[in-house]
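For the numbers below, each heavy atom of this structure counts, side chains included, while hydrogens, waters and symmetry mates do not. Order of listing sets the numbers, starting from 1, for every ligand and every atom in it.
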Amino acid sequence: MTFHPETRPRHLVLVLGDQLDADSAAFADFDPVQDAVWMAEASDESTRVWSTKPRIAIFLTAMRHFRVALRDRGWTVHYRLLGEGEEESLTARLAADVRRLRPRALVMVQAGEWHLARAFDETAASTGVPLHVKEDAHFLCTHDDFRRHAAGRKQLRMEFFYREMRQEHRVLMDGDEPAGGAWNFDAENRKSFGKDGPDTLRPPPRRFAPDAVTREVIALVNKKFTKHPGTLDAFDWPVTQADAELALQDFLKHRLAEFGRWQDAMWTNEPWLFHSRLSAAMNLKLLDPRRVIAAAEKAFRCGRAPLAAVEGFIRQILGWREYVRGIYWLHMPGYLERNALGARHALPDFYWTGETDMACLRDAIGQTMRYGYAHHIQRLMVTGLFALLWNAHPRRVHEWYLAVYVDAVEWVELPNTLGMSQYADGGVMASKPYIASGKYIQRMSNYCAGCRYDPAQRTGPKACPFTTFYWDFLLRHEAMLAKNPRTVMQARNAARLTPAQRREITDHADRLRAAIPTAT
Ligand SMILES: Cc1cc2nc3c(=O)[nH]c(=O)nc-3n(C[C@H](O)[C@H](O)[C@H](O)COP(=O)(O)OP(=O)(O)OC[C@H]3O[C@@H](n4cnc5c(N)ncnc54)[C@H](O)[C@@H]3O)c2cc1C
Ligand code: SF4
């Protein structure tokens with residue numbers, strides 16, 4: 001016997017755009033005879049922040065593929081297409097469908113974003129139908145686990161959390177000791193390419209050419225979201241579970257072994273280097289992090305990748321990814337409002353186009369608009385660093401990061417942006433602000449060689465804006481930096497400046513700010 005769509009469902013299982021896992025807790029007791037699935041596309045999810053076309057497209061096409069996969073199992077899926085009927089918000093669509101379908105209960109996995117979790121609670125309450133929210137088993141650390149980790153600690157640090165996770169989940173452990181006798185192999189990682197650049201013979205990452213479903217979505221996004229930034233000409237992301245697995249295999253075979261060494265390096269027109277490109281697949285829940293971690297550890301145990309690379313990679317997923325989620329849920333909703341440095345400017349307009357004469361920003365933003373992707377150091381030490389030095393309001397910076405990347409979901413984006421990159425949480429995420437002059441970018445990339453500015457100069461016509469704003473930042477935050485042992489040396493450098501030098505830096509920074517257009 002199969003479920004008849006007109007029958008009143010026992011459970012209506014609600015699936016959000018980043019919950020595309022048929023083995024999730026929401027389906028634990030799914031009975032195709034009595035239950036049905038509900039999914040909806042809603043334009044407010046693309047306009048709440050001014051999302052790029054790649055970001056809008058990846059969610060829509062991955063959702064549509066998931067719908068096909070569920071229907072292939074013979075399950076009933078009530079799916080609301082974008083533009084179908086009146087333009088309604090996600091929750092308005094849900095309320096209308098709940099009234100129409102009259103399920104006995106709603107079931108869902110915890111939403112990944114605080115505002116959505118609240119909105120779904122409220123919508124369910126307004127319909128009078130009980131909502132059963134299940135723990136998201138995709139993650140290795142539950143909210144309660146993280147709260148227990150945080151309890152009684154004055155200051156949280158990822159490194160200690162990560163060690164606990166390694167021990168608890170028996171990852172890269174030899175008995176009670178970490179594999180290789182150390183928790184961290186950073187000394188062997190994080191090199192720059194030098195003058196020669198990356199090996200040009202390595203195979204490019206595997207592409208996933210758009211199929212009919214994706215092509216339809218691309219046409220829809222180009223039509224409906226014409227004015228949104230970014231392009232879809234190069235869209236090639238994995239958008240099904242099977243393709244996500246192929247992307248993982250491709251990374252393990254061709255890039256994992258070199259991942260650690262080049263983790264922080266950047267190179268013009270080289271968007272991927274040795275990164276995995278797996279964040280979107282994991283965040284959409286097409287790929288289980290346990291599977292990724294186990295496969296990477298196996299590559300080390302079988303001698304296919306060195307420990308330094310594998311440990312560095314696993315730390316990102318078992319450590320950072322779980323840690324930032326814990327921070328997000330521990331501190332929301334107040335976290336969104338934090339602005340510890342009192343920053344206040346709008347972002348420069350070029351953040352939406354990449355049209356700037358600063359070569360590093362042009363490259364990082366250009367690829368962001370083309371692929372919806374930039375790797376971690378480009379996000380932290382190019383776009384993020386510039387926004388921090390520019391004195392951009394953290395809310396505006398957050399809105400940008402949430403809008404532009406294919407992997408952007410608030411639980412992971414917000415702590416990275418507001419905490420790690422902008423220091424707006426005053427030290428919850430990072431023990432110091434990540435500040436540097438243009439010389440850091442020069443050391444880690446070839447950007448400066450093709451730029452009209454000089455990273456060694458802080459004032460004058462060739463002065464690198466990163467370097468000018470870096471010194472300006474030191475002057476504006478001298479007292480705060482002097483109190484932190486990790487930045488005291490930088491504060492001392494500022495203290496050595498003469499009054500005339502200080503004036504020169506501030507004047508140059510003010511002129512530069514006035515010359516770069518910003519949205520009001
Ligand atoms: C300002 C800023 C904003 C960011 N916004 C996002 C975001 O919206 N979504 C997102 O998934 N990541 C975000 N990150 C973290 C990181 O930059 C991306 O996860 C990474 O660049 C994705 O590319 P990749 O899959 O090739 O990663 P790799 O370099 O191959 O790393 C492997 C995996 O580790 C995880 N990871 C690595 N670093 C982090 C981190 N700092 N926090 C959480 N997970 C991490 C990701 O799942 C990633 O797929 C942000 C970082 C910064 C500095
Ligand atoms: S000189 Fe400055 S602006 Fe130009 S690429 Fe280097 S860091 Fe970027």
Who pairs with Arg148 by salt bridge (charged side-chain N to carboxylate O under 4.0 Å, His left out), at least two apart in sequence or on another chain?
-> Asp145
Can you name the nearest heavy-atom pair linking Ala117 to Trp329, along with the distance?
-> CB-CH2, 4.2 Å
Protein heavy-atom partner closest to atom 37 (C) of ligand 1 - residue, atom, separation in Å = Gln316 CB, 3.4 Å
For atom 29 (O) of ligand 1, what is the nearest protein heavy atom, given as residue, atom name and distance?
-> His275 ND1, 2.7 Å
Quick one: ring-ring contact (aromatic ring centres under 6.0 Å, His included) partners of His398, sequence neighbours excluded?
-> none
The atoms of ligand 1 lying under 4.0 Å from a heavy atom of Ala374, numbered in the order shown, are 21 (O)
For Ala408, take its heavy atoms, then give the atoms of ligand 1 lying under 4.0 Å from any of them.
-> 8 (O)
Do Glu399 and Arg48 meet the salt-bridge criterion of a basic N to acidic O distance under 4.0 Å?
-> no
Asp407 bridged to Arg379 by N-O distance under 4.0 Å | yes
What are the protein N/O/S atoms, named by residue and atom, that sit under 2.8 Å from atom 8 (Fe) of ligand 2?
-> Cys360 SG
Can you tell me which residue pairs pass the side-chain hydrogen bond (donor to acceptor under 3.5 Å, both in side chains) test with a partner in residues 426-443, sequence neighbours excluded?
-> Ser431-Arg486
Hey, what do you get for CD1 (Ile505) to CG (Leu497), rounding to the nearest 0.5 Å?
-> 4.5 Å
Options Val404, Leu256, Asn416, Val382, ranked by nearest heavy atom to atom 52 (C) of ligand 1, top entry | Asn416
Option of least heavy-atom distance to atom 17 (O) of ligand 1 (set: Gln378, His376, Glu413, Glu410) | His376
